[in-house]
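Accompanying notes for the structure given below.
Quick caveat, the model's predicted, so the values are computed rather than measured.
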Amino acid sequence: YAADQGTPSLNSTFHLHITLLDVNDNSPQLITTTLFAVENQSPPYSVAFLQPVDDDRGINGTIGALFLQGNSTIFSLDNVTGELVSFVTFDRENIPFYNLTVVVQDSGRPPLQSIIELNITI
């Protein structure tokens, strides 16, 4: 709204639509980095569903990749569902915890990624 100081005063109203574009300035993260698993479960055992999040909007906030770093014969991570599966029976007396490295990447241009330590207590 604008008005002048004249007599009589004239005024006008103008509607302005502004669209803000999101830049890819946030790296994706995992909601939880500490997990607890039950021992003596027969494999394959679903340990958890990892939930990656990204504070960006649109394609910049879309998760493009989710995977375990390194070659794991004990765990598998489904990059679509986020399901973390164990291929061994956990025994707390022998191995009380596991540490995994998870890589999460968004679909932005350029893509951003986070390398996250995941702790699993048996």
Side-chain angles (χ1 to χ4, degrees):
Y1 177 82
D4 64 17
Q5 299 295 322
T7 304
S9 178
L10 300 176
N11 60 61
S12 180
T13 301
F14 177 76
H15 294 280
L16 178 64
H17 179 79
I18 299 174
T19 302
L20 299 176
L21 300 176
D22 182 47
V23 295
N24 195 22
D25 58 346
N26 293 294
S27 296
Q29 300 295 320
L30 289 178
I31 291 177
T32 301
T33 58
T34 302
L35 302 174
F36 297 92
V38 179
E39 65 179 334
N40 301 322
Q41 300 296 312
S42 297
Y45 168 63
S46 180
V47 177
F49 284 87
L50 303 183
Q51 296 177 309
V53 294
D54 192 316
D55 287 338
D56 287 313
R57 300 291 176 243
I59 194 76
N60 294 331
T62 302
I63 302 302
L66 174 68
F67 57 92
L68 294 175
Q69 190 174 52
N71 186 10
S72 177
T73 57
I74 297 173
F75 295 97
S76 173
L77 180 58
D78 186 303
N79 67 341
V80 175
T81 65
E83 183 180 22
L84 181 66
V85 174
S86 168
F87 295 114
V88 299
T89 300
F90 296 130
D91 183 353
R92 182 175 171 75
E93 288 75 29
N94 287 329
I95 302 175
F97 62 89
Y98 292 86
N99 295 317
L100 302 175
T101 303
V102 177
V103 179
V104 185
Q105 181 175 300
D106 65 24
S107 297
R109 296 284 181 244
L112 296 178
Q113 73 176 15
S114 294
I115 299 173
I116 301 164
E117 293 299 317
L118 185 65
N119 304 303
I120 303 171
T121 302
I122 309 304

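When side chains are defined from C-beta on, Ser86 does not count as touching Pro43, because their heavy atoms never get closer than 4.5 Å. In this structure, Ile116 and Val104 have side chains that are in contact, with non-hydrogen atoms separated by less than 4.5 Å. Leu66 is not listed as a side-chain neighbour of Val103, based on a closest heavy-atom distance of 4.5 Å or more.
Paired with Leu68 under the rule side chain to side chain contact (heavy atoms under 4.5 Å, CB included), one option of Ile74, Leu77, Asn79 passes, and it is Leu77. Looking at Ile122, Leu84, Val38, Leu100 one by one, the single match for side chain to side chain contact (heavy atoms under 4.5 Å, CB included) with Val47 turns out to be Leu84.
Under the side chain to side chain donor-acceptor pair (under 3.5 Å) criterion, Asn99 pairs with no residue at all, not counting sequence neighbours. Qualifying side chain to side chain donor-acceptor pair (under 3.5 Å) partners for Asp56, counting only residues two or more places apart in sequence or in other chains: Asn26.
At least one donor-acceptor pair under 3.5 Å links the side chain of Asn60 to the backbone N or O of Asp22.
Classified by interplanar angle (parallel below 30°, tilted 30° to 60°, perpendicular above 60°), the ring pair Phe90/Tyr98 is tilted.
The CG atom of Asp78 sits 7.0 Å away from the CD atom of Glu83 when rounded to the nearest 0.5 Å. How far CD of Gln69 is from CD of Glu117: 8.0 Å, rounded to the nearest 0.5 Å. With rounding to the nearest 0.5 angstrom, the CG atom of Leu50 is 9.0 Å from the OG1 atom of Thr81.
Annotation: Phe87, atom CZ; neighbour count of heavy atoms from other residues, nucleotides and ligands within 6.0 Å is above 12.
The shortest non-hydrogen separation linking Gly108 to Asn24 is CA-ND2, 3.5 Å.
Residues Val88 and Tyr45 share a hydrophobic cluster, clusters being chains of Ile/Leu/Val/Met/Phe/Trp/Tyr side chains in contact below 4.5 Å.
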